[in-house]
Amino acid sequence: MWHLYEDVLGDQWRSLIYRKTVNKLRSLPYKVTSVEQIREMYGVGKSLVKMVKEILGTGQLQKLDNLKAQVGEIQVLGSVWGIGAIQARELYKKGFRTVKDLENYSSLTSMQRMGVKYYDDINLRIPRDEVADTEKFVRGVVETLAPGAWVNAAGSYRRGKPTCGDVDILITHPDGSRFTSLRCCTHSSHLHLLCSHQDLLARLGGTQPDMFMGIFHFQGKPYRRIDIKVYPRHVYAFALLAFTGNDVLNRKIRFLARVKFGYKLSDQGLFIRESKKKDVWFTESIPCETEREIFEKLGLDYPEPHDRNW
DNA sequence: CAACAGTGCAA
DNA sequence: TTGCAC
DNA sequence: GTTG
Ligand SMILES: O=c1ccn([C@H]2C[C@H](O)[C@@H](COP(=O)(O)OP(=O)(O)OP(=O)(O)O)O2)c(=O)[nH]1
Ligand SMILES: [Mg+2]
């Protein structure tokens with residue numbers, strides 16, 4: 001259901017609510033057998049209760065079946081990396097129906113081309129052991145380029161998930177002044193070390209985090225989606241927090257930071273508003289060495305990574 | 001009825 | 001500015 | 001879709 005709203009309808013809010021609700025119900029220690037069990041839940045309103053009631057009663061959801069029938073083959077197009085709801089409809093109008101149809105289409109972005117090329121591999125889950133191996137591999141490569149650098153796998157791996165959708169890796173250097181040399185790790189001249197071919201995107205942001213999002217392949221495993229981000233040491237805690245997620249937790253604490261303290265929290269720091277009314281913020285972050293300090297500053301108990309699966 | 005997180009790249 | 005992604 |  002939420003995939004439909006995300007990939008085809010482009011309704012970010014319904015998509016978010018449906019996803020959150022499914023996760024909430026899944027995480028309950030029991031099976032939902034009656035709507036009374038969920039009626040009180042925060043974020044579950046009368047419309048969702050009605051849906052759950054229908055599913056409990058009939059084992060299906062008419063609204064979902066109708067939608068599926070309506071969108072048909074558009075959905076698979078929207079599930080390609082780099083193709084969203086708008087482009088999926090656009091491509092459908094142009095006559096594309098399957099991922100295979102897109103293989104020889106020339107006006108795709110580079111991200112979309114990779115999404116099409118590795119569609120099947122990308123959709124496989126990655127066992128966490130393989131993520132650990134990937135982390136070690138990247139650490140080895142980075143060590144030769146910038147000795148002493150820190151390399152950590154974050155994302156769902158760090159949250160302890162048994163399988164992951166992709167590999168998320170963060171890099172910094174304990175010696176802040178080595179930042180520049182670190183950034184070369186993600187420069188094109190070294191990317192082949194990580195990917196052994198041209199299929200990746202390198203994004204060279206302005207001054208701050210350097211990042212690349214691409215495809216990683218080693219040890220004869222399937223082709224995997226990988227994101228690597230380089231941050232300066234002094235914001236590493238913020239980056240680690242942000243990149244560990246999950247996304248729902250990030251949004252929750254960022255919301256709290258803003259409404260309760262008037263702060264702006266991001267992967268690059270915690271900022272105070274400079275002038276009362278306007279959207280102007282101090283450029284210097286409130287310093288935090290560790291994730292724990294960030295939670296403390298926001299008046300929250302520290303959750304271990306495995307308790308951040310919201 | 002507005003807000004729902006904040007950021008960065010490609011087109 | 002919009003679309004898409006993290 | 002839900003909340004305030
Ligand atoms: O909209 C988003 C998406 C992601 N993130 C952060 C949190 C997330 O944990 C991390 C990595 O993103 P990814 O998409 O890889 O999610 P994941 O939590 O690692 O799950 P998966 O197993 O699907 O990769 O980036 C956000 O803050 N906002
Ligand atoms: Mg991930």
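Just so we're on the same page: letters track the sequence lines, and every chain starts at 1.
Comparing dG3(C), dC6(C), dA5(B) against the side chain of Gln87(A) picks out dG3(C) as the nearest. Counting only heavy atoms from C-beta on, Phe255(A) has its side chain closest to dA5(B) among dA5(B), dG1(D), dT7(B). Which of dA5(B), dG3(C), dT2(D) sits closest to the side chain of Arg251(A) comes down to dA5(B). Checked against dA11(B), dG1(D), dT3(D), the side chain of Tyr42(A) finds its nearest nucleotide in dT3(D). Taking the side chain of Ile86(A) as heavy atoms from C-beta on, and the options dA5(C), dG3(C), dT7(B), the nearest nucleotide is dG3(C). Of the candidate nucleotides dA5(B), dG1(D), dT7(B), dT7(B) has the atom lying nearest to any side-chain atom of Gln268(A).
Remark: Lys63(A) is in phosphate contact with dG1(D), judged by side-chain N or O atoms under 4.0 Å from OP1 or OP2. Within the structure, a side-chain polar atom (N or O) of Arg258(A) is placed less than 4.0 Å from OP1 or OP2 of dG6(B). One finds a side-chain N or O of Arg225(A) lying less than 4.0 angstrom from the OP1 or OP2 phosphate oxygen of dC6(C). Neither OP1 nor OP2 of dA10(B) sits under 4.0 Å from any side-chain N or O of Thr109(A). An OP1 or OP2 oxygen of dT7(B) is reached within less than 4.0 angstrom by a side-chain nitrogen or oxygen of Lys264(A). Neither OP1 nor OP2 of dT3(D) sits under 4.0 Å from any side-chain N or O of Trp13(A). For dA5(B), neither phosphate oxygen OP1 nor OP2 lies less than 4.0 angstrom from any side-chain nitrogen or oxygen of Arg254(A).
Among the heavy atoms of the strands, none lies under 4.0 Å from Ile253(A). Val80(A) comes within 4.0 angstrom of the backbone, heavy atoms only, and of no base. No engagement by Gln12(A) is indicated, since no non-hydrogen atom pair under 4.0 Å with the nucleic acid exists. As judged by a 4.0 angstrom heavy-atom cut-off over every strand, Ile83(A) is placed among residues touching the sugar-phosphate backbone only. Nucleic acid contact for Ala85(A): sugar-phosphate only, since backbone atoms but no base atoms lie under 4.0 Å from a heavy atom of the residue. Residue contacts shown for Met1(A) are absent, as no nucleic acid heavy atom lies under 4.0 Å away. Heavy atoms of Asp11(A) sit nowhere under 4.0 angstrom from any nucleic acid atom.
The existence of a salt bridge linking Glu291(A) and Arg308(A) is confirmed by a sub-4.0 Å separation between a basic side-chain nitrogen and an acidic carboxylate oxygen. The pair Lys229(A)-Asp267(A) meets the salt-bridge criterion, since a charged nitrogen lies less than 4.0 angstrom from a carboxylate oxygen.
Using a 4.5 Å cut-off on side-chain heavy atoms (C-beta onward), Leu170(A) and Val151(A) make no contact. Looking only at side-chain heavy atoms (C-beta outward), Arg224(A) and Asp121(A) stay at 4.5 Å or farther from each other.
Contact check of residues 283-310 of chain A against DNA chain D (heavy atom, cut-off under 4.0 Å) returns no residues at all.
Atom P of nucleotide dC9(B) and atom CG of Asp227(A) are separated by 14 Å, given to the nearest angstrom. In this structure, Leu241(A) places its CG atom 19 Å from P of dC6(C), rounding to the nearest Å. Atom OH in Tyr231(A) sits roughly 8 Å away from atom P in dG8(B) (whole-Å rounding).
For the C1' atom pair drawn from dA5(B) and dA5(C), the interatomic distance equals 14 Å after rounding to whole Å.
Side chains of Lys20(A) and Tyr18(A): a donor-acceptor N/O pair is absent below 3.5 angstrom, by distance only.
In this structure, the side chain to side chain donor-acceptor pair (under 3.5 Å) partners of Tyr236(A), at least two apart in sequence or on a different chain, are Asn152(A).
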* Evaluate the ring pair (Phe, Tyr, Trp, His ring centres under 6.0 Å) criterion for residues Phe216(A) and Phe137(A): first the C-alpha distance (whole Å), next the side-chain angles of each, then the deciding distance (0.1 Å), finally the verdict. => CA-CA 11 Å; Phe216(A) 178 81; Phe137(A) 180 88; 5.7 Å; yes
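Checked against the 6.0 Å centroid criterion, the rings of Phe96(A) and Tyr105(A) qualify as a close aromatic pair.
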